[in-house]
Amino acid sequence: MSKTAAPAPLAADPSRWKALVFIALAQLMVVLDATIVNIALPSAQTDLGISDGNRQWVITAYALAFGGLLLFGGRIADKWGRKNAFIVGLIGFALASALGGAANGEAMMLGARALQGAFGALLAPAALSLLAVMFTDAKERAKAFGIYGAIAGGGGAVGLILGGFLTEYLNWRWTFFVNIPFAIIAAVGAWMIIREPAGGRNRAPLDIPGVILSTTGLVALVYGFTRAESAGWSDAVTVAMFVASAVLLAAFVFVESRVKSPLLPLRVLLERNRGGVYLSLGLAVIAMFGLFLFLTYYLQVVKGFSPVKTGFAFLPMIAGMITGSTQIGARLMTRVPPRLLMGPGFLLAATGMLLLTQLEVGSSYPALILPAQLLLGLGMGTAFMPAMSLATHGVNPADAGVASAMVNTSQQVGGAIGTALLNTIAASATTAYLTDHAAAVAAGGPAAKLVQAQAMVEGYSSAIWWAVGILVASSAIALTLINTGRPGAGGPVASGDGAGADADVKIPVIAH
């Protein structure tokens, strides 16, 4: 039966490598937008008169729309066609960015951020699923997902550099306007180059109850973690959001198991390799987002780095991610099983995190932070690359969009959890340190400032210890759940995807 897979590479689009350029450009735009605004936020807040209480909504509005609508966006991509969804998402994202850059008040800014998130939720799964259906040869797939994985992992750090540069030397508005040329180039390129393989659309009726339950459930979950960061875990609204999320997502799973054309077929989740990817990647992103947060504060507040210098301080991590993804992950993926890249990759990243638990006020950047970032980047890049490819492992082409959306959802929810959970741990450790050294703080002067700086670093290192444990757990999950063999070799495959006669095919590609 494996012979039925042989024609797939022959049908490959001759323009697929050109298409990858525009897909990667769009993915970079979406990923860096998650962090580029963070550095610009203080300036935007002052110009637009946004209160301290509402400033978090500039970040939260994007996260809620993006995280809540990803599954819906993935299914729309399956239904409309990925190319159409990709281009519409790009145009919408550009218009929303223009609106944000031209914002003259709080309401206009928050509306623009929500629109960016909504169109990003259409764009991100369309981009990943286009790769999945266009690259079917094992070696080519490894190279393409190596590039994509490097961008997905390192784009956030690129956002910190670009955000710092634009804010310091131009104006915060350019952190929005910079998206417009990205989007226009990618949309024109996609319209001219991309030729989506025929027969991959899912023309089933849209599962409206599933859309409502998944969107409201994910919004409640992301908002719950976001609110926990500022209001605390015992806050009544925080608890209510978590309870509502649990009820809504449980109802979503029940509905999906009953309806004829589900928004998220449960077979997409229950196949152990994809399930292992979603879970391990979500956990790893918790650790990575926490690191971005703490290292940014450490470098700017404790070390006194400027926004631009802080951004450039993340370059070793980006270099590590690109190397790990394109030189280690892509080269080894066709030779070893994915779990032997993901498991050791997460452990290498955990080693980098372990170095950062030794942070002190006077720690040397070249001696401690630089090697830690290199290890973290190499590990994450090596693990991200096969994870992105396995996100659509063995899935029916008609479900490629929603399977791609799930990997984005796991990252988005992981980011929200990481920021809230690790920030809470850090704040508690900082408070405890200040309580223990209350006398020194009360005395004032240089000694008090030093104690306050030490308290912050104590909080960061305590939270980073948790991040180490989370990455070790990611490694264990990848090694335990992911059991597919290397591409092109025999081994366990996806099941339950309705692949019919192709269910016995041992090659983890989705276009048969």
Side-chain angles (χ1 to χ4, degrees), residues 24-25 27-41 146-170 174-175 178-179 182 284-285 287-330 345-346 348-359 362-385 388 411 415 418 457 460 464 467 471:
L25 186 64
Q27 174 66 10
L28 177 63
M29 181 185 72
V30 172
V31 174
L32 67 81
D33 199 75
T35 54
I36 193 173
V37 177
N38 291 31
I39 288 179
L41 184 54
I147 294 167
Y148 188 90
I151 291 170
V158 173
L160 294 173
I161 296 173
L162 193 56
F165 180 84
L166 292 172
T167 302
E168 195 162 322
Y169 294 114
L170 293 173
W174 283 96
T175 61
V178 74
N179 290 327
F182 276 109
V285 169
M288 196 167 73
F289 265 66
L291 178 76
F292 281 157
L293 179 71
F294 300 135
L295 213 48
T296 299
Y297 274 102
Y298 175 79
L299 293 171
Q300 286 195 22
V301 179
V302 179
K303 289 294 194 183
F305 284 21
S306 68
V308 170
K309 191 175 179 182
T310 300
F312 278 105
F314 281 96
L315 275 177
M317 188 188 301
I318 299 173
M321 283 183 173
I322 292 172
T323 303
S325 190
T326 61
Q327 300 304 310
I328 300 175
F346 287 135
L348 186 61
T351 304
M353 281 285 193
L354 191 62
L355 287 180
L356 289 173
T357 60
Q358 307 306 307
L359 267 184
S363 291
S364 164
Y365 177 86
L368 179 67
I369 299 171
L370 189 150
Q373 284 197 62
L374 282 173
L375 288 174
L376 187 72
L378 280 171
M380 285 294 201
T382 301
F384 263 61
M385 188 265 142
M388 289 297 171
Q411 287 179 282
V457 175
Y460 302 156
I464 291 170
L471 283 171

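Predicted model only: the values in this text are computed from it and were never measured. Note: hydrogens, waters and symmetry copies are ignored here, and every other heavy atom, side chains too, is used. For reference, positions follow the sequence shown, starting with 1.
- Ala467 meets the side-chain contact (heavy atoms from CB on, under 4.5 Å) test with Ala287, Met353, Leu422; sequence neighbours excluded.
- Residues Met380 and Leu471 have side chains in contact (heavy-atom distance under 4.5 Å, counting atoms from C-beta outward).
- Taking the side chain as every heavy atom from C-beta outward, Gln373 and Met321 never approach each other to under 4.5 Å.
- When the shell of 6.0 Å around CZ of Phe312 is examined, it contains 12 or fewer heavy atoms from other residues, nucleotides or ligands.
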* To do: Quick one: do Val302 and Val457 satisfy side-chain contact (heavy atoms from CB on, under 4.5 Å)? Show the steps, please.
  => CA-CA 8 Å; Val302 179; Val457 175; 4.1 Å; yes
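- For the atom pair Leu355 CG and Leu374 CG, the distance stands at 10.5 Å (nearest 0.5 Å).
- When all heavy atoms of Ser364 and Pro366 are compared, the pair lying nearest together is OG-CD, 3.1 Å.
- Annotation for Pro316 and Leu370: closest pair CG-CG, 4.0 Å, computed over non-hydrogen atoms.
- The CG atom of Asn179 lies 5.5 Å from the CE atom of Met29; values are rounded to the nearest 0.5 Å.
- Remark: the backbone N or O of Leu354 is paired with a side-chain donor or acceptor of Thr357 at under 3.5 angstrom.
- Put simply, the side chain of Phe182 does not reach to within 4.5 Å of the side chain of Val30, judged on heavy atoms.
- In this structure Tyr298 satisfies the ring pair (Phe, Tyr, Trp, His ring centres under 6.0 Å) test with no other residue, sequence neighbours excluded.
- Annotation for Pro371 and Tyr365: closest pair CD-O, 4.3 Å, computed over non-hydrogen atoms.
- Put simply, CG on Leu378 and OG1 on Thr351 are 11.0 Å apart, with the number rounded to the nearest 0.5 Å.
- Using a 4.5 Å heavy-atom cutoff, the side chains of Leu368 and Leu359 are in contact.
- Looking at heavy atoms from C-beta onward, Ile369 lies in side-chain contact with Leu299 at the 4.5 angstrom threshold.
- Considering CD1 of Ile322 and CD1 of Ile328, their distance stands at 12.5 Å, rounded to 0.5 Å.
- Pairing each heavy atom of Gly379 with each of Leu348, the nearest pair is N-CD2, 3.7 Å.
- The backbone N or O of Ala319 sits less than 3.5 Å from a side-chain atom of Thr323, completing a donor-acceptor pair.
- Other residues, nucleotides and ligands place no more than 12 heavy atoms under 6.0 Å from the NZ atom of Lys309.
- For Gln327, the side chain to side chain donor-acceptor pair (under 3.5 Å) criterion is met by Arg331, not counting sequence neighbours.
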